Amino acid sequence: MPKRLDILVCSGAACISNDSTTIKNKLQAVLKENNLEEEVAIVETGCMGPCELGPVMLVYPDGVFYIRLKEKDIEEIVKEHVIKGRPVKRLQWTTPEARKIVEERKQIPFFEKQMKIVLSNCGKIDPENIEEYIAVGGYEALAKVLTTMTPEQVIEEMINSGLRGRGGAGFPTGLKWKATRDADGDEKYIVCNGDEGDPGAFMDRAILEGDPHTVIEGMAIAAYAVGAKQGYVYVRAEYPLAVKRLDKAIQQARKYGVLGKNIFETGFDFDIDIRIGAGAFVCGEETALIASIEGKRGQPRPKPPFPAQKGLWGKPTVINNVETFANVRHIILNGSKWFASIGTEKSKGTKVFALSGKVENTGLVEVPMGISIKDLVFEIGGGIPGGKEFKAVQVGGPSGGCVPAEYMDTPIDYESLKKLGTIMGSGGVIVLDEDTCMVNLAKFFLDFTQEESCGQCVPCRIGLKHLFDILDRITKGQGRMEDLETLEKLGEEIRRTSLCGLGQSAPNPVLSTLRYFKDEYIEHIKDKKCRAGVCQFETVKEKETIEEKLKGII
Amino acid sequence: MKLHIPVENPQYQMLKRDIARYRRKPGPLIQVLHRAQEIFGYLPPEVQYFVAQELNVPVSQVYGVVTFYNFFRTEPVAKHVINVCMGTACHVKGAEGIVKAISEELGIKVGETTKDKFFTLSTARCFGACGLAPVIMINEDVFGKLTPEKVKDVIREYREEKQREEREGNN
């Protein structure tokens, strides 16, 4: 459950030398005396910046900044602030600089509306120390599975939980595992997709950097359920720290006997290797990712056969996203019923969103499925900076679309987003205000996907280039009204006929902006006007004169 | 075409040793190319040829993989690579203006290297540092919440600092 208050105690080197540890211990003791442990979370954080004022402490959601704390002050803070809700003025720091830090620190999202399952350890334990993970219940789920459950029971539990893939398409995880278990094959593999390519999404990075063991444990449980002995984590080359932490975590896990041979002396063997990507967006598509692990060009292939039948090296393979694996241990420990009680009818559990763009509080947030866009942007995100008007959110990256402000009461889950013409995707949410031009944004995404197309199939390779060219023309004031129809028709065609998910979803940014912001397209074409002031129109005088000349001739 | 490969060169010797290690694992090509680029800084034809030979795969396959992935370079770059993030959050917060400012400051376009071989200007997809948008990376260092004016200062200061370090290192 979310706590009423989060108290962040700075544990930077300077504050520690100023005795912040005593402050923290005292705080813990006083909270305990007053039976407030359940309501208030203490979080030790890295350096907050104003070292000369240490030890410092921040209280959220109130955003109160306490400085130069002494042990004797703690009693007063708990009595007055925590219990009665009256911040202790005498100890507060209220200069503009302090406000700034309070705002910045909000990037570490400790807000009431959040519910942390996947991110529960991130920022709270030392990711490079397996003992800290074990101390908070780490590898208990694996032990439970190996010693008390059959593989079939594990799969049943996963199916009952209703967990769906967090990488984009939302396929039920339990069914994927079952298909892999049922497939014929002497060898099977577990693959973790950490090729977080959507610009604007960084939850997988945060999980791998902040709590790598939770992914390892999820993979090991999957391996037991489907009968695999080897796993691979595919991580983007752009995330060197994630690779380093994961590598360290794998080595520690081997040393502690939770990876390797005869885990928990049950005869179960499982090990994990890391594979580093090399910068190709299409590798987020599962068959392309598999090709890339095999050391080949990351080109997708038609499905079926699905990876569950023929995956890595032609063997049955479970391929799940980082966030999906991070959910597994919680489902095993707390039960499928608990998990299924969170979220909406068809979308269970929580989802981590990466909130960025034109919003006050940027960062990672974890919320129950079904939260409204409004709550996400205004309650958690703190609204739009500079008094600007909220225009839309872009969800799902280059494969997703825009949801305009009038739909902001829509609950966020797989189905309702699909109805609005976008997808959940990996969970990147980019907030747009009146200064964002929707035509330009569509062009931005098409520029991205047409460049990232692997080039195998014609609709994607040539179709996307055409979509881009038309959008480019419109943003330069050279669009024609019939372009709009072509965009729609071509977009639909590409969606229907492309080989893989990249091509099938790449027209979404165009189609969804056409659906909700057609007037902006028309303004660009007819009035040569960009209401956001983003597009620079080139003069078309010369062209007109040629046309005039032609008219004269004909 | 037969290329001259100076195999006795210590860089090649190092790569050869590492390839022997990777060879035991299945599907090693991409991991080997990562290592090769670490050693050489980029992947010229000689290196690609050498990798093909050592792994016993056709050189066309190596070339195919090298050109497929954005991360692999076939041209040398300067010691300090400036990467401007062009992700969505950075885009809506003015990444274009950042690229333009750097271009002006250094007198080079994206993909080019300064005359003194100090900086290469490049763009990247998304660093996953969207909270700091717009953001650039110079080698491994991240600079966020930039404006066109600020980024010029960042680059000037970075150059001064590195040059000072180099001078001190030489003394």
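Proteins come first, then strands; the chains are lettered A, B, ... in the order of their sequence lines, and each starts at number 1. It should be emphasised that the depicted structure is a prediction, and the values quoted were computed from it without experimental measurement.
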List the steps, then state whether side-chain contact (heavy atoms from CB on, under 4.5 Å) holds for A:Phe448 with B:Met86.
CA-CA 10 Å; A:Phe448 180 95; B:Met86 301 302 270; over 6 Å; no
Shortest non-hydrogen contact from A:Tyr232 toward B:Pro26:
OH-CG, 3.8 Å
Taking the side chain as everything from C-beta on, heavy atoms only, tell me whether B:Thr88 gets closer than 4.5 Å to A:Phe445.
yes
Given a strict heavy-atom distance threshold of 4.5 Å, which part of A:Arg275 is in contact with chain B: side chain, backbone, both, or neither?
both
Looking at A:Met203, A:Arg205, A:Lys358, A:Arg236, which one has more heavy-atom pairs under 4.5 Å with chain B than the rest?
A:Arg205
I'd like to know which of A:Ser356, A:Gly277, A:Gly298 tops the heavy-atom pair count under 4.5 Å against chain B.
A:Gly298
Which atoms of A:Asp273 come close to chain B, meaning under 4.5 Å heavy atom to heavy atom: side chain ones, backbone ones, both, or neither?
side chain
Tell me whether the count of non-hydrogen atoms from other residues, nucleotides or ligands lying under 6.0 Å of CD in B:Glu96 goes above 12.
no
Between A:Arg297 (side chain) and B:Gly64 (backbone), is there a donor-acceptor pair under 3.5 Å?
yes
For A:Ala278 versus B:Tyr69, what's the shortest heavy-atom pair and its separation?
O-CB, 3.1 Å
With a 4.5 angstrom heavy-atom cut-off, is it the side chain or the backbone of A:Val282 that approaches chain B, or both, or neither?
side chain
What's the shortest heavy-atom distance between A:Gly200 and B:Cys126, and which atoms?
N-SG, 3.3 Å
Heavy-atom proximity to chain B below 4.5 Å, by part of A:Pro398:
neither
Using non-hydrogen atoms only, which part of A:Cys437 is less than 4.5 Å away from chain B: side chain, backbone, both, or neither?
neither
Could you check which of A:Gly428, A:Gly397, A:Ser292, A:Ala201 has the highest count of heavy-atom pairs closer than 4.5 Å to chain B?
A:Ser292
Any donor-acceptor N/O pair, B:Asn70 side chain to A:Gly279 backbone, under 3.5 Å:
yes
Which one wins on heavy-atom pair count under 4.5 Å against chain B: A:Ala280, A:Gly295, A:Gly455?
A:Gly295
Tell me whether the count of non-hydrogen atoms from other residues, nucleotides or ligands lying under 6.0 Å of OH in B:Tyr63 goes above 12.
no
I'd like to check A:Leu441 versus B:His91 (side-chain heavy atoms, cut-off strictly below 4.5 Å). Are they in contact?
yes
In terms of side-chain geometry, is the basic nitrogen of B:Arg125 or A:Glu451 positioned less than 4.0 Å from the acidic oxygen of its partner?
yes
Shortest non-hydrogen separation from B:Gly27 to A:Trp313 and the atoms involved
N-CZ2, 4.0 Å
Are B:Val92 and A:Gln394 packed together at the side-chain level, in the sense that at least one heavy-atom pair is separated by less than 4.5 angstrom?
no
Closest non-hydrogen atom pair between A:Lys296 and B:Ile30, with its separation:
O-CD1, 3.7 Å
Under 6.0 Å from the NZ atom of B:Lys150, do we count more than 12 heavy atoms belonging to anything else shown?
yes
Region of A:Leu432 that comes under 4.5 Å of a non-hydrogen atom in chain B
side chain
Atom NZ in B:Lys93, atom CG in A:Asp435: separation rounded to 0.5 Å?
12.0 Å
Contact part of A:Ile430 toward chain B, heavy-atom cut-off under 4.5 Å: side chain, backbone, both or neither?
side chain
